[in-house]
2 protein chains.
Amino acid sequence: MASTPTAPLTPLPTLALPMAGAQEHERADAARNRRRLLDAAGRLVAERGVANVTMEAVAAAAEVGKGTVFRRFGDRAGLMNALINHTETDLQEAFLHGPPPLGPGGDPVERLVAFGHARLEMVDLHGEVLRAAESCAEKRLAHPTRGVHATHVASLLRDAGVSGDVQLLTDSLLATLDASLVWHQNHVLGMPLARIADGWTDLVHRVTRC
Amino acid sequence: MASTPTAPLTPLPTLALPMAGAQEHERADAARNRRRLLDAAGRLVAERGVANVTMEAVAAAAEVGKGTVFRRFGDRAGLMNALINHTETDLQEAFLHGPPPLGPGGDPVERLVAFGHARLEMVDLHGEVLRAAESCAEKRLAHPTRGVHATHVASLLRDAGVSGDVQLLTDSLLATLDASLVWHQNHVLGMPLARIADGWTDLVHRVTRC
DNA sequence: CACCAAACCGGACCGCGGTCCACTTGCATC
DNA sequence: GATGCAAGTGGACCGCGGTCCGGTTTGGTG
């Protein structure tokens with residue numbers, strides 16, 4: 001607490017949720033490089049599209065070694081996750097502690113509907129990155145983020161008085177919100193997002209009304 | 001974003017569909033090599049597991065050049081698809097022209113339930129290969145096999161008198177039967193297949209009972 | 001049978017994701 | 001300051017999926 005007034009450490013919005021880097025004491029150079037990497041990655045993604053951004057290019061653009069990228073983010077999916085971490089954190093905050101209909105206090109079915117709509121909006125905004133972040137089917141299903149979503153959905157299903165195998169119903173509902181699926185429906189099949197959202201609402205009602 | 005200096009487009013010359021043997025005129029040597037490759041691939045998968053089988057190893061085991069593998073099957077997923085093509089064809093035959101409850105003639109809801117159970121059994125038997133065959137989220141959703149399943153499920157939903165967006169409901173149902181998801185539930189989460197099957201039955205009833 | 005164009009073959013080659021490890025740097029302590 | 005050392009760094013390296021293209025085989029045709 002000896003106060004280092006000369007150190008202009010930016011707060012670095014620590015991801016308090018069970019996401020990737022719970023970084024304790026991070027050395028100054030490490031923090032600086034993480035910033036550079038995220039900045040470079042965001043820039044490259046914006047100007048070339050996710051598919052045309054290689055890990056090596058990100059490293060080069062950040063003027064950093066390739067090994068550093070992987071040390072910081074584990075793998076490509078980890079980097080993409082970090083890119084949308086802020087949005088994901090906001091979403092979690094909203095349905096965990098925010099106001100209804102998303103947050104606690106409202107009707108569980110309505111909360112479920114709102115959760116799906118929020119997720120769909122996120123896919124709309126960050127579909128490409130999300131798809132890359134969830135590309136590995138193996139890890140996607142075991143990823144902490146998915147765990148948080150699953151816990152939340154299962155909780156809402158129980159609150160809604162759903163009888164049956166809540167865990168399996170949760171998996172089915174989350175599968176419907178899968179980034180790749182939604183992106184495909186939207187961009188390949190040409191379904192408007194409003195239609196997908198209506199489909200979600202309908203599905204939630206069908207599943208909970210029993 | 002529109003200007004992409006590099007050409008990411010893959011012309012993908014002829015790539016005959018890895019599905020049913022609609023192989024027009026196939027030269028004798030080509031047919032012989034395809035046999036060898038499928039044989040070798042099956043052997044290697046059986047003895048090492050899918051994850052430890054490289055395309056190069058398959059080529060070597062078949063005493064064939066690497067390029068031949070890709071010429072025949074397009075990519076890794078295509079090879080895996082070819083490996084389970086027979087089983088998949090049997091499944092399609094069963095629900096298209098076989099006896100009830102899977103085939104035509106029975107109650108659509110029961111057929112839907114039976115379809116899911118048949119699919120789950122397939123995942124149980126060939127889960128590893130199926131996962132590899134459907135690994136690329138991009139192509140999986142556009143794959144002919146999925147199209148056949150989707151058409152069938154949608155048809156059953158309509159026959160069951162379901163009101164609502166049948167196409168979206170179909171996508172949700174199929175997402176529940178996703179090989180990676182089921183495999184994860186079964187092998188990682190330790191859910192017995194019987195439970196997953198019961199979950200499917202329940203889900204189908206919830207979705208159709210409205 | 002001789003001929004030829006198309007189909008096919010094989011392995012060198014490429015790019016990318018990911019790992020490894022010898023070297024450097026930041027920080028706490030004395 | 002000097003020192004010890006864990007944390008961090010970077011680029012050479014690896015393996016695999018996938019492509020390319022010069023040479024070879026096949027099977028129809030006259």
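Just so it is clear, the model here is predicted, and its values are computed rather than measured. Worth knowing before you read on, the calculation uses all heavy atoms, side chains too, and leaves out hydrogens, waters and symmetry mates. In what follows, chains carry the letters A, B, and so on, assigned in the order in which the sequence lines appear, proteins first and then strands, with residues in each chain numbered from 1.
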Quick one: [X] [atom1] to [N] [atom2], roughly how many Å, whole number?
X	N	atom1	atom2	answer
L79(A)	dG17(C)	CG	C1'	12 Å
E26(A)	dG8(D)	CD	P	7 Å
D29(A)	dG8(D)	CG	C1'	6 Å
R71(A)	dG8(D)	CZ	C1'	5 Å
R34(A)	dA7(D)	CZ	P	16 Å
K139(A)	dG17(C)	NZ	P	13 Å
R32(B)	dC8(C)	CZ	P	13 Å
F70(B)	dG10(C)	CZ	C1'	13 Å

Under the 3.5 Å rule, do the base of dT25(C) and the side chain of R27(A) count as making a donor-acceptor pair?
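A donor-acceptor contact between them is present.
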DNA chain C: 5'-proximal contact among G67(B) and D75(A) (nearest heavy atom)
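Whichever sits nearer the 5' end wins; that is G67(B).
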Between dT9(D), dT19(D), dG18(C), which nucleotide has the shortest distance from any of its atoms to the side chain of K66(A)?
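The listed nucleotide nearest to K66(A)'s side chain is dG18(C).
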Identify which nucleotide among dC16(D), dT9(D), dG18(D) has an atom closest to any side-chain atom of T54(B), counting heavy atoms from C-beta outward.
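So the side chain of T54(B) is nearest to dC16(D).
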Examine [N]: is either OP1 or OP2 under 4.0 Å from a nitrogen or oxygen in the side chain of [X]? Give yes or no.
X	N	result
R76(A)	dG17(C)	yes
N33(A)	dG8(D)	no
R72(A)	dT9(D)	yes

Check: R111(B) side chain, G103(B) main-chain N or O, donor-acceptor pair, under 3.5 Å
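Side chain of R111(B) to backbone of G103(B), a donor-acceptor pair under 3.5 Å: yes, one is there.
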Between R34(B) and E26(B), does any NZ, NE, NH1 or NH2 come within less than 4.0 Å of an OD or OE carboxylate oxygen?
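Yes.
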Ionic contact status for R35(B) with D39(B), cut-off 4.0 Å:
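No, no charged N to carboxylate O under 4.0 Å.
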Test side-chain hydrogen bond (donor to acceptor under 3.5 Å, both in side chains) on H149(B) and E88(B) and set out the steps.
CA-CA 10 Å; H149(B) 291 185; E88(B) 172 61 28; 2.8 Å; yes
If you find the nucleotide of DNA chain D closest to A30(A) and the one closest to A28(B), which residue's nucleotide is nearer the 5' end?
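By nearest-heavy-atom nucleotide position, the 5'-most residue is A30(A).
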Evaluate the criterion side chain to side chain contact (heavy atoms under 4.5 Å, CB included) for residue pair F70(A) and L79(A); output intermediate values, then yes/no.
CA-CA 8 Å; F70(A) 288 94; L79(A) 174 60; over 6 Å; no
